[in-house]
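The sequence lines fix the lettering, A, B, ..., with proteins before strands; numbering per chain opens at 1.
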Amino acid sequence: MPHKLDKIFYFLTFLISIIPIFLVVMLFSFLLYYSIPSIKYNGLKFFTSYYWYPGQVYLPPVNINGILVPYGSSFGILLFLYGTLITSLIALIIAFPISIVVSLAVNLYVNEKFKKLIISLIELFAAIPSVLYGLWGIVYLEPLLSNFIEPAMNKYLGFMPFFSGNIYSGAGILASSIILCLMILPIMTSVINGSILNFSTSIKEGAIALGATRYEMARLIILRGIKIQIFGAAMLGLGRALGETMAVLMVSGSVFNIMPSNIYSPINTMAAALASLLDSAFMDSTGMNLYALSELGLTLMLITLAASLIGRFIVGLGIIRGFTRGEEI
Amino acid sequence: MNIRVIKDFSFKLLGYFLILFIIAILVAITGSIIINGLHSITLKMLIENGDTTSGGIFNAIVGTWMLVGVGILFSVPIGIFSAIFIVEYGWKRYNSIVRVFTDVLTSTPSIVLGLFGYLFLVIQLGFGYSLLAGGITLGIMMLPYILRVTEISLTEVPTNIKEAAISLGAKKMDLIFRIMLPYAKNGIITSTILAISIGAGETAQLLYTAGWNNGIPNSLIKSQVAYLTYVVWAGINQPSNYSHQLAFASGLILIITVFSLIFISKYIKR
Amino acid sequence: MSIIRFRNYSVYTKDRKILDNINLEIFENNVNTVLGPSGSGKSTLVRSINRLIEITPGLKYDGEIYFKDKSIFEYQPEEIRRQIGLVFQQPNPFNFSIFENVAFGPRIHWKLKENELEEIVKNSLIEAALYEEVKDNLKKSALSLSGGQQQRLCIARALALKPLVIMMDEPTSSLDPIAMNKIEDLIIKLKEKYTIILITHDVRQAARISDFIAFIYNGRIIEHSKAEEILEKPKNEITEKFLTDRLG
Ligand SMILES: Nc1ncnc2c1ncn2[C@@H]1O[C@H](COP(=O)(O)OP(=O)(O)O)[C@@H](O)[C@H]1O
Ligand SMILES: [Mg+2]
């Protein structure tokens, strides 16, 4: 590198390119550093108890095993963990077949012009801000669920334990799952559509030559090797669902300390709990609330990362939060 | 009719039904927000400051743009220069490391980014709830996106064009600034516009980094900021009718903003 | 007078030689043609001279190339590239205006006033026999030009740097016959002022405009002499076979 300016530029851009790495390292360090007092204090109980209570932060703190914590406080995330997993899984179970059928149908039965339009429309879903899903959920979905859908489900599916029992205000597991399902549909459809495009032409020609129907072609496409991409798409969808905050916060019912009894019950998720508990945590002079929430954040981060990174690795696409660009990247 | 044809027909029917169903839901969501928004919004709201229960949303509109602006100022230069390094100098191993770390950033839940913004920017660096804390937290979320799209745009500059410039004696920096960046311009602009649209719709990162302000912040740090998504969230959770109207009015502005930015970016890409 | 000399110059990939021990002189103010079938190493030869080879991943080289009696590796690469222009097989104008394409080189090498720059652009376009066709449209995108015009624009772009040598790598192979004629006429005119290195696999084109011809085959210079000599009395049977095959 003979030119001085070039050399300076090289080092400058090199330093800048370290920033993303630096940010991730800082992110983990801060979360971990703030988690340590909670990890020490709560131990395994953090994951096995579903009782979360910030404590009487206005009373003098109490000393438990040499650690100062607010009087009466308890930090167990089992309810949140359960809520995060159950809502995400239900969302995935609904979104999975829909995204597969839609992307196959779009590729096999719809002409090129409409196909582009449909895919862009579905991708528009991903661009709608979370809070607007929440807004719609509160105003329309919750009444719809509690007045019509949930009673009907109770009546016809009530023979199964998870679908029987009380119906609440509409906010809860079902509402959260439906909203999450809508939010992960675009990313999944986009990825599956991309992988179908990647090799449908050769299959199409071959299959049509053999006199196959389009439905048979669809099965062939799936059997021939986008299985793994579909799995990747599901993981990416799951990753998004696990970490989604605002929409779920708004339609989950934000319950504490009561484990849900059925699919209609109010629930709380890790992300939603983190969002709703943080401001009261600042009142805690011992800091333990903040430490516990940091541990909650760290746990959420690790779970989400596992799903997303597996998905990314499999799909190998640069899918970006908020807007999927499966066709381009 | 044999069974094969029937199966094919049923599958087609199911496919069409699901496509229409999904589009119907999309229309229902956007439609309900637009219609409610149009019923709720008044000119007064647009020009007055407010506190999510009374007044208007002028402070939230301005605050949103300020936060997004700081986010863009943070993420675009870092994203572009990192992409330049990766494409022009980086070795394979290093590039894939950066890739993994940006993937981690992309996959981080927004509330966790918010918590990090709180711990690092608000507390550690002492920014307080502020434009800088909120904006940079948004920027951290935008960064991987800008970086990746710029990287792809730079990689797509045709080799014969690069060689033309080099054979005319272009130094590395001439090549980058006079050829590569102009050629990648559309990609960079599109990704910036999309990043703006993503940033404008974010909430969770901002709850504990931006705070709320009944007016316009008067400083980059230690002065809280209002933003539109907060009005939606806080407004709909309050009992008064007027709060709901403010929430829907903010929702309308958000959805118009986000969709127009997407259309603009699609148009530029042409 | 020779302006460029190859001395035992070779280029390798991991598993084979692309140029094998080249010894070659390029004569000033002549059209020096390197003739050979495709894949014989012609492009690699010219890319070596303006030092594109050393930035091509996967290639290694040894031996020497002298430019004005000094090793090209002792110059700054940018200086070599300024003094020795290269025109590629496919016209590759930048997606800028016609003016900006020609101005690109001068802008990056010299600090010039706007009127000096305009002067250079105009003269280069005149020299490349393109000025009359584009003088009213200098702001128009270069991509709006025809293929032949684009190639002459690329020649003008190289001329704007006031080089000593212009290398053209099969400059007409993607053009129609009329555009080809224009470029050949241009080459003959340009050799009064510049040294030309012309790469071609077209024997007829070599015959029309060459002063010297080097026949290259499988990375080796098989023979090199005055154009008439090699065309009429090739000494090597490979050359002879190539010429008779191509001329029918
Ligand atoms: N960068 C490279 N890496 C590996 N092989 C190369 C490279 N460039 C050229 N070659 C090989 O060297 C030989 C000569 O190529 P080239 O100089 O382009 O020939 P010509 O211009 O005469 O057609 C070809 O077989 C080509 O495949
Ligand atoms: Mg060649």
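For a residue to count as touching a neighbouring chain, one of its non-hydrogen atoms must lie under 4.5 Å from one of that chain's; by this rule B:Thr229 touches chain A with backbone and side chain alike. Using a 4.5 Å cut-off between heavy atoms, A:Phe28 touches chain B through its side chain atoms alone. The parts of B:Ile255 that come within reach of chain A are both its backbone and its side chain, each placing non-hydrogen atoms under 4.5 angstrom from that chain. For a residue to count as touching a neighbouring chain, one of its non-hydrogen atoms must lie under 4.5 Å from one of that chain's; by this rule A:Leu242 does not touch chain B. In this structure, chain B has no heavy atom under 4.5 Å from any part of A:Leu141. The contact between B:Ile176 and chain A is made entirely by side chain atoms (from C-beta outward), counting heavy-atom distances below 4.5 Å. Heavy-atom distances place both the backbone and the side chain of B:Phe120 under 4.5 Å from chain A. There is no contact between A:Tyr33 and chain B, counting heavy-atom distances below 4.5 Å. For a residue to count as touching a neighbouring chain, one of its non-hydrogen atoms must lie under 4.5 Å from one of that chain's; by this rule B:Ile80 does not touch chain A. Neither the backbone nor the side chain of B:Ile146 comes within less than 4.5 Å of any heavy atom in chain A. Of the two parts of B:Ser250, neither the backbone nor the side chain holds a non-hydrogen atom closer than 4.5 Å to a non-hydrogen atom of chain A. When heavy atoms are compared at a cutoff of 4.5 Å, B:Tyr118 approaches chain A solely by way of its side chain, counted from C-beta outward. Contact annotation for B:Leu26: both backbone and side-chain heavy atoms come within less than 4.5 Å of a heavy atom of chain A. Looking at B:Gln124, only its side chain comes within 4.5 Å of chain A, counting heavy atoms on both sides. Only the side chain of B:Ile23 has a heavy atom closer than 4.5 Å to any heavy atom of chain A. Within the 4.5 angstrom heavy-atom criterion, only side-chain atoms of B:Ile236, from C-beta onward, approach chain A. The contact between B:Val104 and chain A is made by backbone and side chain atoms together, counting heavy-atom distances below 4.5 Å. No part of B:Phe17 comes within reach of chain A, as not one of its non-hydrogen atoms sits under 4.5 angstrom from that chain.
Heavy-atom pairs under 4.5 Å with chain B were tallied for A:Val101, A:Thr304, A:Leu278; the largest tally goes to A:Leu278. When each of A:Leu305, A:Val102, A:Leu135, A:Leu121 is checked for heavy-atom pairs under 4.5 Å with chain B, A:Leu135 comes out on top. No other option in B:Leu115, B:Leu14, B:Leu147 has as many heavy-atom pairs under 4.5 Å with chain A as B:Leu115. For the set A:Asp279, A:Thr189, A:Ile118, the entry with the most heavy-atom pairs within less than 4.5 Å of chain B is A:Asp279. If you tally non-hydrogen atom pairs under 4.5 Å between each of B:Pro77, B:Ala200, B:Gly201 and chain A, the highest count goes to B:Gly201.
Ring planes of A:Phe30 and A:Tyr34: parallel class, angle under 30° (limits at 30 and 60°).
In this structure, A:Arg312 pairs ionically with B:Asp103, as a charged nitrogen and a carboxylate oxygen lie closer than 4.0 Å.
Considering only residues two or more places apart in sequence or on other chains, A:Phe80 meets the ring-ring contact (aromatic ring centres under 6.0 Å, His included) condition with A:Trp52, A:Phe256.
In this structure, a donor-acceptor pair under 3.5 Å is absent between the side chains of B:Tyr89 and B:Asn95. A donor-acceptor contact under 3.5 angstrom links the side chains of A:Ser190 and A:Glu123, judged on distance only.
A distance of 8.0 Å separates CG in A:Asp6 from NZ in B:Lys172, rounded to the nearest 0.5 Å. The line from CZ of B:Phe248 to CD1 of B:Ile35 is 11.0 Å long, rounded to the nearest 0.5 Å. To the nearest 0.5 Å, atom CH2 of residue B:Trp233 and atom CD of residue B:Gln238 are 10.0 Å apart.
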Name every donor-acceptor pair, under 3.5 Å, that has one atom in a side chain of residues 243-250 of chain A and the other anywhere in the protein, sequence neighbours excluded.
unit_1: A:Glu244; atom_1: OE1; unit_2: A:Ser130; atom_2: OG; d: 3.4
unit_1: A:Glu244; atom_1: OE2; unit_2: A:Ser130; atom_2: OG; d: 3.0
unit_1: A:Glu244; atom_1: OE2; unit_2: A:Met246; atom_2: N; d: 3.3
unit_1: A:Glu244; atom_1: OE2; unit_2: A:Ala247; atom_2: N; d: 3.3
unit_1: A:Thr245; atom_1: OG1; unit_2: A:Gly243; atom_2: O; d: 3.2

Can I get a per-line list of side-chain donor-acceptor pairs under 3.5 Å for residues 11-23 of chain A, giving both atom names and the distance, sequence neighbours left out?
unit_1: A:Thr13; atom_1: OG1; unit_2: A:Phe9; atom_2: O; d: 3.0
unit_1: A:Thr13; atom_1: OG1; unit_2: A:Tyr10; atom_2: O; d: 3.0
unit_1: A:Ser17; atom_1: OG; unit_2: A:Phe14; atom_2: O; d: 2.8
unit_1: A:Ser17; atom_1: OG; unit_2: B:Tyr94; atom_2: OH; d: 2.7

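Taking 4.5 Å as the heavy-atom cut-off, the residues of residues 291-298 of chain A that approach chain B are A:Leu293, A:Ser294, A:Gly297, ordered by number.
Under the 4.5 Å side-chain criterion, counting only non-hydrogen atoms from C-beta, A:Thr84 is not in contact with A:Ile303. Two residues are said to be in side-chain contact when any heavy atoms from C-beta on lie closer than 4.5 Å; B:Leu207 and B:Trp212 fail this criterion. Annotation: side chain of B:Thr106 is not in contact with side chain of B:Arg148 (no heavy-atom distance under 4.5 Å).
The shortest heavy-atom contact between A:Leu124 and B:Ile262 is CD2-CD1, 3.9 Å. The two atoms that bring B:Gly71 and B:Met142 nearest to each other are C-SD, 3.7 Å, heavy atoms only.
Summarising the local packing, CZ of A:Phe114 is surrounded by 12 or fewer heavy atoms from other residues, nucleotides or ligands at distances under 6.0 Å.
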Original post:
Given B:Ile29 and A:Leu182, is the side-chain contact (heavy atoms from CB on, under 4.5 Å) satisfied, shown in steps?
Top reply: CA-CA 11 Å; B:Ile29 296 177; A:Leu182 293 176; 3.9 Å; yes
